[in-house]
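First comes the structure, then the notes that go with it.
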Amino acid sequence: MLTVLSQHTSDTNRDRAYADLRRRFDTWDDVADAPLPALARAIRRGGLGPTKSGVPLDERAFTNVPDRDLWNTLLALPGVGPKTAACVLLFSLDRPYFPVDTHVHRVAIRLGLVPPRSGAVATQAAFQETVPDDEMYALHMNLIRHGREVCAAQRPRCSECVLRDLCPRIGVTTSR
Ligand code: SF4
């Protein structure tokens with residue numbers, strides 16, 4: 001993240017922004033889950049807050065950096081795993097990456113989109129490989145909403161589920 005913050009600003013401002021970010025958020029997952037305005041506020045002292053146009057400056061600073069380079073840079077940071085890296089890329093930099101959190105993971109397994117024993121990292125790799133770039137954001141958001149509101153971890157509301165005709169779990173009583 002320090003690398004991200006160092007783009008187009010001085011070392012002093014970069015260090016301020018990084019310190020502010022670490023003070024404001026306990027973990028990198030918290031950073032990844034934070035709404036963009038909260039992130040912008042946290043790094044404002046580094047000169048990386050929102051611009052007058054409303055476009056975050058750090059987003060524009062990376063316009064010409066290939067997706068894979070950003071991905072590798074993020075993954076090399078301490079405490080940053082595939083989910084966090086994909087969240088930063090998708091939500092902050094508008095890159096085609098597919099984060100898999102607990103909701104997406106659970107729904108994907110229940111729907112048979114990945115093998116039953118797939119881990120979250122393998123599930124993310126499968127989505128990354130197969131979902132068209134321009135559908136990643138919408139599918140990610142819809143699967144999270146479905147997992148929170150319908151396909152809940154403990155008591156999925158299968159009788160109300162619009163995907164029940166497609167779901168191999170209908171009639172199965174296990175929780176995952
Ligand atoms: S039918 Fe039930 S288990 Fe299947 S996706 Fe819908 S809520 Fe989840």
Side-chain angles (χ1 to χ4, degrees), residues 1 4 21 24-42 54-56 58-59 62 65-176:
M1 189 56 70
V4 173
L21 199 63
R24 171 70 179 77
F25 300 101
D26 291 334
T27 68
W28 291 117
D29 279 347
D30 292 341
V31 173
D33 291 340
L36 198 53
L39 278 179
R41 275 195 301 277
V55 178
D58 56 332
E59 180 180 330
F62 296 117
V65 181
D67 295 345
R68 182 54 59 173
D69 289 354
L70 290 171
W71 171 256
N72 289 335
T73 297
L74 287 166
L75 279 185
L77 295 170
V80 175
K83 182 186 78 171
T84 299
C87 281
V88 171
L89 289 167
L90 180 69
F91 295 114
S92 297
L93 298 176
D94 197 26
R95 301 299 179 104
Y97 277 81
F98 198 105
V100 167
D101 74 344
T102 185
H103 300 293
V104 174
H105 186 208
R106 179 178 67 254
V107 174
I109 288 177
R110 285 177 174 173
L111 283 171
L113 301 177
V114 292
R117 295 188 183 280
S118 294
V121 173
T123 300
Q124 180 164 316
F127 276 97
Q128 186 66 38
E129 181 74 22
T130 56
V131 177
D133 289 358
D134 61 354
E135 294 178 13
M136 286 186 175
Y137 178 83
L139 183 59
H140 171 82
M141 297 301 288
N142 284 330
L143 284 175
I144 285 184
R145 184 177 177 189
H146 188 67
R148 283 178 175 155
E149 298 181 2
V150 182
C151 193
Q154 298 305 321
R155 281 187 289 277
R157 294 157 57 191
C158 300
S159 62
E160 304 167 35
C161 179
V162 296
L163 299 174
R164 57 178 289 117
D165 290 345
L166 302 171
C167 184
R169 271 183 52 92
I170 290 300
V172 177
T173 56
T174 55
S175 64
R176 169 166 283 190

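The basis for the numbers below is simple: all heavy atoms, side chains too, and nothing from hydrogens, waters or symmetry mates. In listed order, ligands and their atoms are each counted from 1.
The closest protein non-hydrogen atom to atom 4 (Fe) of ligand 1 is C167 SG, 2.3 Å. The closest protein non-hydrogen atom to atom 8 (Fe) of ligand 1 is C151 SG, 2.4 Å. Given atom 2 (Fe) of ligand 1, the protein heavy atom at minimum distance is C158 SG, 2.4 Å. The nearest protein atom to atom 3 (S) of ligand 1, hydrogens excluded, is given as R169 NE, 3.5 Å; this is a heavy-atom distance.
No close placement of the Y97 and H140 rings is indicated, their centers lying 6.0 Å or farther apart.
Crowding of R145 atom CZ: a count of heavy atoms from other residues, nucleotides or ligands under 6.0 Å not exceeding 12.
Residue contacts with ligand 1 include H146, since one of its heavy atoms falls under 4.0 Å from the ligand.
No donor-acceptor distance shorter than 3.5 angstrom exists from the side chain of R157 to the backbone of C151, with no hydrogens or angles considered. Under the 3.5 Å distance criterion, the side-chain polar atoms of N142 are matched with a main-chain donor or acceptor of A138.
Listed by number with element, the atoms of ligand 1 under 4.0 Å from a non-hydrogen atom of I170 are 1 (S).
For a distance bound of 2.8 Å, the N, O or S atoms of C161 include none lying that close to atom 4 (Fe) of ligand 1.
Contacts between V107 and ligand 1 below 4.0 angstrom, taking non-hydrogen atoms only, are absent altogether.
F98 and F127 have parallel rings, their planes meeting at less than 30° on a 0 to 90° scale where 60° marks the start of perpendicular.
Atom CD of Q124 and atom NE2 of H105 lie 10.5 Å apart (nearest 0.5 Å).
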